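Notes for the one structure printed next.
All values derive from a computational prediction rather than experimental measurement. These values consider heavy atoms only, across backbone and side chains, with no hydrogens, waters or symmetry-generated copies.
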Amino acid sequence: NPLFLKYLDLDRKYDCIPDYVLSYGEKLLNTKNMPIDSNHIYYTGSLFLDNKKDEYKDIKPEKKNILFVSQCNLANYISNCASELADLLKDNDEYQIIYKMHPYEMGKTFDCLKKKNIKIIDNREKDLYYYQVNSILQIGIYSTGVYEGLAFGLDTFILNHPYGVKDVKKILKESEKIHYVNNAKEIFDMLDKIKPDNNSCNDYWSYVNKEKIREIIFRLSEKKVNY
């Protein structure tokens, strides 16, 4: 996962270990058993994601969009959940489901998603962030996009699938905006409690200070590293 490094095998001899780490956020970096001095870790946030937030800051959702962040290896499981939620919402025109396919899924078809209240995104015309700012909540498992959605203040529902969710729970843990669910019915039952806002989960993503990032990179580039 690009959000955090896993140095879990203390007995293994690594051929390449970074001298310094610039991390998106303190909670998004797994420092347990990491053979890097804590003084060599800098929390800088994501400049790219911060620029995207600024680009889309004036967008206001026209409907109560529910975003599914798919993954190619778990697409059947995630698409079935989206289909079941669509059935539960079929009589409620306030809600629309947006199913954002993973790039590796594009071109595939899922019969269970062919419903009037599901909008399938199977192209690259707009990025994931565009659909996140147009949604009131997001649903996924362990996609990097799920972590990024927290920066937009999205309530996040993590499906309790055996594959991948264990690591997610270690990183995200429990919070007011993070919910672990087993099925579509549990999501449906919580919809009335969702209060959309634009406040990002800043305890996951560090604040971006461009001058600080420049200073860190300049200072590190001046250091002599022995190979």
Review point. Looking at residues at least two apart in the chain, or sitting in another chain, which of them share a salt bridge (Lys or Arg N to Asp or Glu O under 4.0 Å) with Glu62?
Key: none
Exercise for review: If a pair satisfies side chain to side chain donor-acceptor pair (under 3.5 Å) and one of its residues is in residues 132-141, list it, with sequence neighbours excluded.
Suggested key: Gln132-Gln138, Gln138-Thr156
Check your understanding: Which heavy atom in Ala82 sits nearest to a heavy atom in Phe68, and how many Å separate them?
Key -> CA-CZ, 3.4 Å
Practice item. Check the surroundings of atom CD in Glu186: do more than 12 heavy atoms from other residues, nucleotides or ligands lie under 6.0 Å from it? Key: yes
**Study point:** Which residues share a side chain to side chain contact (heavy atoms under 4.5 Å, CB included) with Tyr56, sequence neighbours left out
**Key:** Lys52, Ile59, Asp127, Tyr129, Tyr130, Val133
**Study point:** SG on Cys81 to CD1 on Ile187, rounded to 0.5 Å
**Key:** 4.0 Å
Exercise for review: Apply side-chain hydrogen bond (donor to acceptor under 3.5 Å, both in side chains) to the pair Gln96 and Asn117, showing each step before the final yes or no.
Suggested key: CA-CA 5 Å; Gln96 175 181 243; Asn117 55 351; over 6 Å; no
**Study point:** Sub-4.5 Å side-chain heavy-atom contact between Leu28 and Ile171
**Key:** yes
Review point. Is a side-chain N or O of Lys100 found less than 3.5 angstrom from the main chain of Tyr131, in a donor-acceptor match?
Key: no
Check your understanding: When you look at Met101 and Ile120, which way does the side-chain contact (heavy atoms from CB on, under 4.5 Å) test go after all the steps?
Key -> CA-CA 7 Å; Met101 285 189 169; Ile120 303 172; 3.9 Å; yes
Exercise for review: First locate atom OG1 of Thr44, then atom CD1 of Ile217, and finally report the distance between them rounded to the nearest 0.5 Å.
Suggested key: 8.0 Å
Check your understanding: If you measure from CZ on Arg219 to OG on Ser221, what distance do you get to the nearest 0.5 Å?
Key -> 10.0 Å
Exercise for review: Give the intermediate values and the outcome of side-chain hydrogen bond (donor to acceptor under 3.5 Å, both in side chains) for residues His40 and Asp19.
Suggested key: CA-CA 7 Å; His40 287 191; Asp19 296 291; over 6 Å; no
Practice item. Would you check if Tyr20 and Ile36 make a side-chain contact, meaning some heavy-atom pair closer than 4.5 Å? Key: no
Practice item. Give a yes or no answer on whether the side chain of Asp50 reaches the backbone of Ser46 with a donor-acceptor pair at less than 3.5 Å. Key: no
Practice item. Taking ring-ring contact (aromatic ring centres under 6.0 Å, His included) as the test, write out the residues that go with Tyr99, two or more places apart. Key: none
Point to revise | Reported OG-to-CD1 distance for the pair Ser70 and Ile78, which is rounded to 0.5 angstrom | key: 4.5 Å
Check your understanding: For the atom pair CD1 (Ile178) and CG (Leu154), what is the distance rounded to the nearest 0.5 Å?
Key -> 11.5 Å
Point to revise | Considering all heavy atoms, the nearest Lys195-Asp192 contact | key: NZ-O, 4.2 Å
Check your understanding: Do Arg214 and Glu211 sit within salt-bridge range, that is, some charged N less than 4.0 Å from a carboxylate O?
Key -> yes
**Study point:** Flag if over 12 foreign heavy atoms under 6.0 Å of NZ, Lys63
**Key:** yes
Point to revise | Ile121 and Ile98, any side-chain heavy atoms less than 4.5 Å apart | key: yes
Review point. Which is it for Asn209 and Tyr207 under the side-chain contact (heavy atoms from CB on, under 4.5 Å) test, yes or no, and what are the steps along the way?
Key: CA-CA 6 Å; Asn209 184 322; Tyr207 173 74; 4.2 Å; yes
Exercise for review: Show your reasoning for whether ring pair (Phe, Tyr, Trp, His ring centres under 6.0 Å) applies to Tyr142 and Tyr163.
Suggested key: CA-CA 9 Å; Tyr142 70 92; Tyr163 188 83; 5.7 Å; yes
Practice item. Kindly indicate, with the supporting measurements, whether the criterion side-chain contact (heavy atoms from CB on, under 4.5 Å) is fulfilled by Tyr42 and Ile213. Key: CA-CA 9 Å; Tyr42 300 90; Ile213 295 174; over 6 Å; no
**Study point:** Side-chain donor or acceptor of Trp205 paired with backbone N/O of Tyr147 under 3.5 Å
**Key:** yes
Review point. Ser83 side chain to Cys112 main-chain N or O, any donor-acceptor pair under 3.5 Å?
Key: yes
Check your understanding: Does Val181 reach the side chain of Leu159, with side-chain heavy atoms less than 4.5 Å apart?
Key -> yes
Practice item. Kindly work out whether a path of hydrophobic side-chain contacts (I/L/V/M/F/W/Y, heavy atoms less than 4.5 Å apart) joins Tyr104 to Val146. Key: no
Review point. Can you check side-chain contact (heavy atoms from CB on, under 4.5 Å) on Val208 and Leu49, steps first, answer last?
Key: CA-CA 10 Å; Val208 172; Leu49 182 57; over 6 Å; no
Review point. Honestly, is Lys169 close enough over Tyr180, meaning NZ or CZ under 6.0 Å from the six-membered ring centre and within 45° of the axis?
Key: yes
Check your understanding: Does some side-chain heavy atom of Ile141 sit less than 4.5 Å from a side-chain heavy atom of Gln71?
Key -> yes
**Study point:** Partner set under salt bridge (Lys or Arg N to Asp or Glu O under 4.0 Å) for Asp37, not counting sequence neighbours
**Key:** none
Ignoring hydrogens and angles, write down the donor-acceptor pairs under 3.5 Å from the side chains of residues 84-93, residues two or more places apart or on other chains.
| unit_1 | atom_1 | unit_2 | atom_2 | d |
| --- | --- | --- | --- | --- |
| Asp87 | OD1 | Lys115 | NZ | 2.8 |
| Asp87 | OD2 | Lys115 | NZ | 3.0 |
| Asn92 | OD1 | Glu94 | N | 3.0 |

**Study point:** pair Tyr43-Ile41: side-chain heavy atoms closer than 4.5 Å
**Key:** yes
Point to revise | Value rounded to 0.5 Å, distance of NE2 in His161 from NZ in Lys166 | key: 15.5 Å
Exercise for review: Verify, without hydrogens or angle tests, whether Glu105 (side chain) and His102 (backbone) share a donor-acceptor contact under 3.5 angstrom.
Suggested key: yes
